[in-house]
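Just so we're clear, the structure is a prediction, and the values are computed from it rather than from any experiment.
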Amino acid sequence: MTQPPSQQPPQGGFGAPQQPPQGSPQPPQGPPQTPPPAQPGYGYPQAPGQPPGQAPGYGYPQQPSQQSGPYGQQQPGPYAQQPGPYGQQPGPYAQQPGPYGQQPGYGYPQQQYPGAPAPGGPGGGGSSKRKPAIIIGAAAAALLVIGGGIFVATSGGDDDKKPVAKESGDAKPSGSPSVNEGDGNGDGDGSDVDDDLNAGRKAGEAKVLWLQKNDIDLPRNGADVYGPWVVGDTVVKGMYRSISGYSVADGKQKWTLKLPADLCAAPAQTAADGKIVIGVKNGTTDKADCADLQMIDLNTGKAGWKKSIKQNGTWDFLSDISLAISGDTVTVGRTGNSNAYRVSDGKELFGKPSGICQPFAFAGGAKLIAASSCRTDDVDNPQHQIQELDPATGKPRWTYRPKRGWEIDRVYSVSPLVVSLKKDKEWSILALKENGSLRSGITSDKGDKFAPNCGSAFAIFGKSLDGCTGVAADANTFYMATAPDSSGTARTNKVVAFNLNTGKTKWKAAAPADRTVKPLRMEGGNVLLYVESGYEKGGGIATLAPTGGAPRMLLQHPGSTAEIENDFYNSKIVYAGGRSFIASGRVSARNDKEELETKTMMAFGN
């Protein structure tokens with residue numbers, strides 16, 4: 001196992017996830033109201049659903065009052081007016097945790113001037129000693145409140161050597177044997193003994209198409225896994241200093257691209273033609289920054305253009321970068337600086353805008369959404385704004401500013417636009433209209449707890465805005481999974497649907513008995529779900545109708561491999577072409593032998 005340079009864990013600082021205490025919020029109040037036309041924009045929230053005269057709920061959009069809250073205003077152009085006089089009550093977020101925690105969490109941007117860590121992508125083998133970063137350990141949780149409910153956010157010397165792509169067939173797959181169709185005579189290698197993974201498959205269950213084990217010598221602390229991305233008949237993942245493509249049918253390695261240094265950032269999705277731009281460190285020492293970009297065609301594994309991001313001032317690259325792709329544009333977000341390049345040829349399209357508000361992270365896909373921090377005279381009371389940008393020019397199409405003190409945390413959906421914000425001990429989710437004006441504040445029923453998963457458990461001071469699972473949205477509805485309820489003999493949960501026009505709950509759909517479900521995205525008008533595996537129960541892919549009801553199973557994973565499915569750490573799930581792929585979110589082990597036995601990716605199909 002490769003040993004990185006010795007270094008001490010950094011101490012906690014700005015950007016650490018909040019870890020709230022347990023508690024029950026007050027009954028919620030009614031949804032935000034639009035003030036008369038004479039008022040400057042939309043008012044601020046109070047907790048929804050509560051009759052007049054009762055105390056407002058903790059930390060969530062509330063009905064207009066004479067206090068302050070997360071709702072701000074929107075105007076065309078880059079800067080909106082200051083928010084109006086409405087507000088909301090404090091919520092049950094809590095004190096700062098120590099430097100190590102569980103699950104990623106909502107590590108988020110804070111200060112808006114050089115010196116404060118902000119969003120970026122997860123790091124590779126080691127972080128620079130110059131960066132005031134904290135490593136979010138494998139289990140940090142943040143308890144968040146929305147309306148009447150508590151949310152549980154689990155989550156977040158070779159510098160000039162060019163990568164070389166191996167032709168298809170040049171590289172041998174590691175731990176990716178040809179698995180028999182399920183007659184009991186296959187040669188699958190799915191456990192400690194060489195037995196057929198499909199031998200115990202029952203009628204109606206999917207086949208295990210293949211299983212892979214790690215074949216990369218990793219640093220002492222392991223490495224994050226990027227992807228997987230499915231491009232045509234290839235599924236691709238990256239880790240440490242390589243990125244590889246495998247056949248979706250049998251898992252055999254089609255190509256491998258070696259990188260000169262650690263892979264340190266990647267977007268949640270590729271361009272439409274299968275090209276992607278990744279971040280690579282500009283050296284192999286612990287002082288290296290995540291400052292080099294490499295374009296790769298994931299169809300072939302061929303490396304395209306490569307360039308270094310020009311450092312813009314002394315404080316640039318204080319945090320790692322985050323990448324997002326929208327159309328033919330890839331954006332690079334970080335503290336106090338940003339850039340955008342054309343994916344196809346690497347031409348810089350736009351850079352740091354003028355003014356006091358600077359983008360720190362972007363969300364891509366059907367639209368390009370930028371989250372910015374605006375310079376203020378009080379670092380403890382930040383001003384953020386969110387914009388839709390023209391991907392070709394970077395010009396804002398509209399600007400929305402939440403109430404002072406509220407920070408843009410995540411973008412759960414770009415179209416329709418659903419945004420997560422936080423302020424100290426509070427959490428808020430807003431839906432915005434196509435023109436950037438406020439659509440609604442999402443509010444839950446009392447007692448509901450939620451658990452979106454938004455990133456690497458080892459993210460270092462920085463994160464992408466997009467890429468969350470456990471959430472989905474269509475034109476008029478936002479779907480989110482509740483946190484598992486383990487009060488009984490087995491864990492279970494439900495999906496809650498919210499009306500985007502009112503923010504109120506439309507319906508709730510229970511997971512299959514003794515199972516938990518997690519929305520992945522929309523699929524053909526339905527919500528695509530991952531049904532998580534349980535004890536001797538395989539996971540699977542299901543859909544949920546936009547009207548609710550019971551999930552309908554599309555692909556039931558075999559119960560005989562449930563233990564293997566459960567073993568994937570911080571698993572990432574992709575469904576494409578009737579196949580499901582499960583990849584570990586991070587690979588690490590105590591020694592070289594265990595490292596090579598670590599299962600990294602598994603595929604199921606009919």
Chemist: Under the criterion side chain to side chain contact (heavy atoms under 4.5 Å, CB included), I'd like the reasoning laid out for T329 against L349: C-alpha separation, chi angles, the key distance, then a yes or no.
Modeler: CA-CA 8 Å; T329 299; L349 298 175; 3.4 Å; yes

Chemist: Checking R410 side chain against C454 main chain: does a donor-acceptor pair fall under 3.5 Å?
Modeler: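 Judged by distance alone, yes, a pair lies under 3.5 Å.
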
Chemist: Would the distance check show the side chain of W507 and the main-chain N or O of F498 forming a donor-acceptor pair, the cut-off being under 3.5 Å?
Modeler: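 Judged by distance alone, no pair lies under 3.5 Å.
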
Chemist: Can you check whether P416's main-chain N or O pairs, donor with acceptor, with S413's side chain at less than 3.5 Å?
Modeler: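 Yes; judged by distance alone, with no hydrogens or angles, the pair exists.
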
Chemist: Report yes if some heavy atom in the side chain of V248 is under 4.5 Å from a heavy atom in the side chain of T234; otherwise report no.
Modeler: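 V248 vs T234: side chains apart.
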
Chemist: Tell me yes or no: between the side chains of D514 and Y535, is some donor less than 3.5 Å from an acceptor?
Modeler: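 Their side chains do not contain a donor-acceptor pair, so the 3.5 Å distance test is not met.
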
Chemist: Is there a donor in the side chain of D466 and an acceptor in the side chain of S464, or the other way round, less than 3.5 Å apart?
Modeler: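 Looking only at side-chain atoms, S464 and D466 do not form any donor-acceptor pair under 3.5 Å.
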
Chemist: Would you say the side-chain atoms of W398 pair up with the backbone N or O of E434, donor to acceptor, closer than 3.5 Å?
Modeler: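 Answer holds: yes.
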
Chemist: Can you see whether T399 engages Q385 through a side-chain donor-acceptor pair at a distance of less than 3.5 angstrom?
Modeler: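 Not at all, the side chains of T399 and Q385 share no donor-acceptor pair under 3.5 Å.
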
Chemist: Looking at residues at least two apart in the chain, or sitting in another chain, which of them share a side-chain hydrogen bond (donor to acceptor under 3.5 Å, both in side chains) with K572?
Modeler: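 Checked K572 against side-chain hydrogen bond (donor to acceptor under 3.5 Å, both in side chains); zero matches.
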
Chemist: Can you tell me if T516 uses its side chain to pair, donor with acceptor, with the backbone of T492 under 3.5 Å?
Modeler: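 No, because the side chain of T516 does not come within donor-acceptor range (under 3.5 Å) of the backbone of T492.
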
Chemist: Under a 4.0 Å N-O cut-off, is there an ion pair linking K275 with D328?
Modeler: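 Salt bridge absent between K275 and D328.
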
Chemist: What distance separates M480 CE from S420 OG, expressed to the nearest 0.5 Å?
Modeler: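 Nearest 0.5 Å value for the CE-OG distance: 8.5 Å.
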
Chemist: Is a side-chain N or O of N566 found less than 3.5 angstrom from the main chain of A562, in a donor-acceptor match?
Modeler: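 Answer holds: yes.
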
Chemist: If we only count heavy atoms from C-beta on, is the S428 to W406 side-chain gap below 4.5 Å?
Modeler: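 Touching, per the 4.5 Å side-chain cut-off.
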
Chemist: Only one of Q387, H384, Q383 forms a side-chain contact (heavy atoms from CB on, under 4.5 Å) with S372, so which one is it?
Modeler: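 Exactly one pass, corresponding to Q387.
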
Chemist: Using only atom types and a distance under 3.5 Å, with no angle test, would you say the side chain of E532 pairs donor to acceptor with the backbone of K518?
Modeler: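 No, the answer is negative, given that no donor and acceptor are paired below the 3.5 Å cut-off.
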
Chemist: What's the spacing between L529 CG and Y575 OH if we round to 0.5 Å?
Modeler: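 Reported value, rounded in 0.5 Å steps: 12.0 Å.
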
Chemist: If we ignore hydrogens and angles and just use 3.5 Å, is the side chain of E205 paired with the main-chain N or O of G559 as donor and acceptor?
Modeler: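 A pair under 3.5 Å: yes.
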
Chemist: Indicate yes or no for a side-chain donor-acceptor contact from Q556 to the backbone of A206 under 3.5 Å, with no hydrogens or angles considered.
Modeler: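 No.
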
Chemist: Below 4.0 angstrom, N of the basic side chain to O of the carboxylate: do E407 and K422 qualify?
Modeler: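 Salt bridge: no.
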
Chemist: Given side chains that start at C-beta, do those of Q358 and P353 come closer than 4.5 Å, heavy atoms only?
Modeler: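 In contact.
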
Chemist: For the residue pair M601 and P228, what are the closest heavy atoms and their distance?
Modeler: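 Reported closest heavy-atom pair: SD-CB, 4.3 Å.
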
Chemist: What are the two closest non-hydrogen atoms of F450 and S444, and how far apart are they?
Modeler: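 For F450 versus S444, the nearest heavy atoms are CE1-CB, 3.7 Å.
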
Chemist: Would S580 and L555 satisfy side chain to side chain contact (heavy atoms under 4.5 Å, CB included), going step by step from the backbone distance to the final call?
Modeler: CA-CA 8 Å; S580 60; L555 198 66; 3.4 Å; yes

Chemist: Return the OG to CZ distance between S584 and F568, rounded to the nearest 0.5 Å.
Modeler: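 Taking OG in S584 and CZ in F568, the distance rounds to 7.5 Å.
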
Chemist: Taking all non-hydrogen atoms of both residues into account, name the closest pair between S571 and I582 and its distance.
Modeler: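 Looking at all heavy atoms of both residues, the shortest contact is CB-CG2, 3.9 Å.
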
Chemist: Which is it for D485 and K494 under the salt bridge (charged side-chain N to carboxylate O under 4.0 Å, His left out) test, yes or no, and what are the steps along the way?
Modeler: CA-CA 9 Å; D485 178 5; K494 57 184 178 288; over 6 Å; no

Chemist: Side-chain contact, heavy-atom cut-off 4.5 Å: L209 with R579?
Modeler: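 L209 reaches R579 side chain to side chain.
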
Chemist: Main chain of T482, side chain of N493: is a donor-acceptor contact present, judged purely on distance under 3.5 Å?
Modeler: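 It does hold such a pair.
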
Chemist: F478 versus V471: any side-chain heavy-atom pair under 4.5 Å?
Modeler: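 Touching, per the 4.5 Å side-chain cut-off.
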
Chemist: What's the separation between atom CD1 in I442 and atom CD1 in I429, rounded to the nearest 0.5 Å?
Modeler: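 So the CD1 of I442 and the CD1 of I429 are separated by 7.0 Å.
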
Chemist: Which word best sums up how the rings of F604 and H557 line up, parallel for under 30°, tilted for 30 to 60°, or perpendicular for over 60°?
Modeler: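 Ring orientation of F604 relative to H557: parallel.
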
Chemist: Should the pair W427 and Y412 be assigned to parallel (<30°), tilted (30 to 60°) or perpendicular (>60°) ring geometry?
Modeler: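 Ring orientation of W427 relative to Y412: perpendicular.
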
Chemist: Set out, in order, the CA-CA distance, both residues' side-chain angles and the distance that settles side chain to side chain contact (heavy atoms under 4.5 Å, CB included) for F350 and T393, then state yes or no.
Modeler: CA-CA 6 Å; F350 53 91; T393 65; 5.6 Å; no

Chemist: What's the shortest heavy-atom distance between L389 and A370, and which atoms?
Modeler: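 Result for this residue pair: CD1-CB, 3.7 Å.
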
Chemist: In Å and rounded to the nearest 0.5 Å, what is the CZ to OG distance from F362 to S326?
Modeler: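 Output value for this atom pair is 11.0 Å.
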
Chemist: Assess whether atom NZ of K508 is packed by more than 12 heavy atoms of other residues, nucleotides or ligands within 6.0 Å.
Modeler: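 Atom NZ in K508 is crowded, with more than 12 foreign heavy atoms closer than 6.0 Å.
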
Chemist: Could you tell me if the side chain of L421 sits less than 4.5 Å from the side chain of I408, heavy atoms only?
Modeler: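 In short, these two side chains touch, coming nearer than 4.5 Å.
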
Chemist: Would you check if L554 and L528 make a side-chain contact, meaning some heavy-atom pair closer than 4.5 Å?
Modeler: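 L554 vs L528: side chains touch.
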
Chemist: To the closest 0.5 Å, what do you measure between CG (L323) and CD1 (I276)?
Modeler: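 These two atoms lie 8.5 Å from each other.
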
Chemist: Where do I541 and Y530 land on the side chain to side chain contact (heavy atoms under 4.5 Å, CB included) test, with the steps shown first?
Modeler: CA-CA 5 Å; I541 303 296; Y530 172 54; 4.2 Å; yes

Chemist: Hey, are the side chains of I386 and V411 touching, using non-hydrogen atoms and a 4.5 Å cut-off?
Modeler: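 When only atoms from C-beta onward are counted, V411 and I386 do touch, with a gap below 4.5 Å.
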
Chemist: Is R586 paired with D224 through a side-chain N to carboxylate O contact shorter than 4.0 Å?
Modeler: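 Answer for the salt bridge query: yes.
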
Chemist: Specify the closest pair of heavy atoms between A271 and V343, including all atoms of both residues, with the distance to one decimal.
Modeler: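 Reported closest heavy-atom pair: CB-CG1, 4.4 Å.
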
Chemist: Using every non-hydrogen atom in the two residues, find where L500 and A431 come nearest and quote the distance to one decimal.
Modeler: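 L500 and A431 have their closest heavy atoms at CD2-CB, 3.7 Å.
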
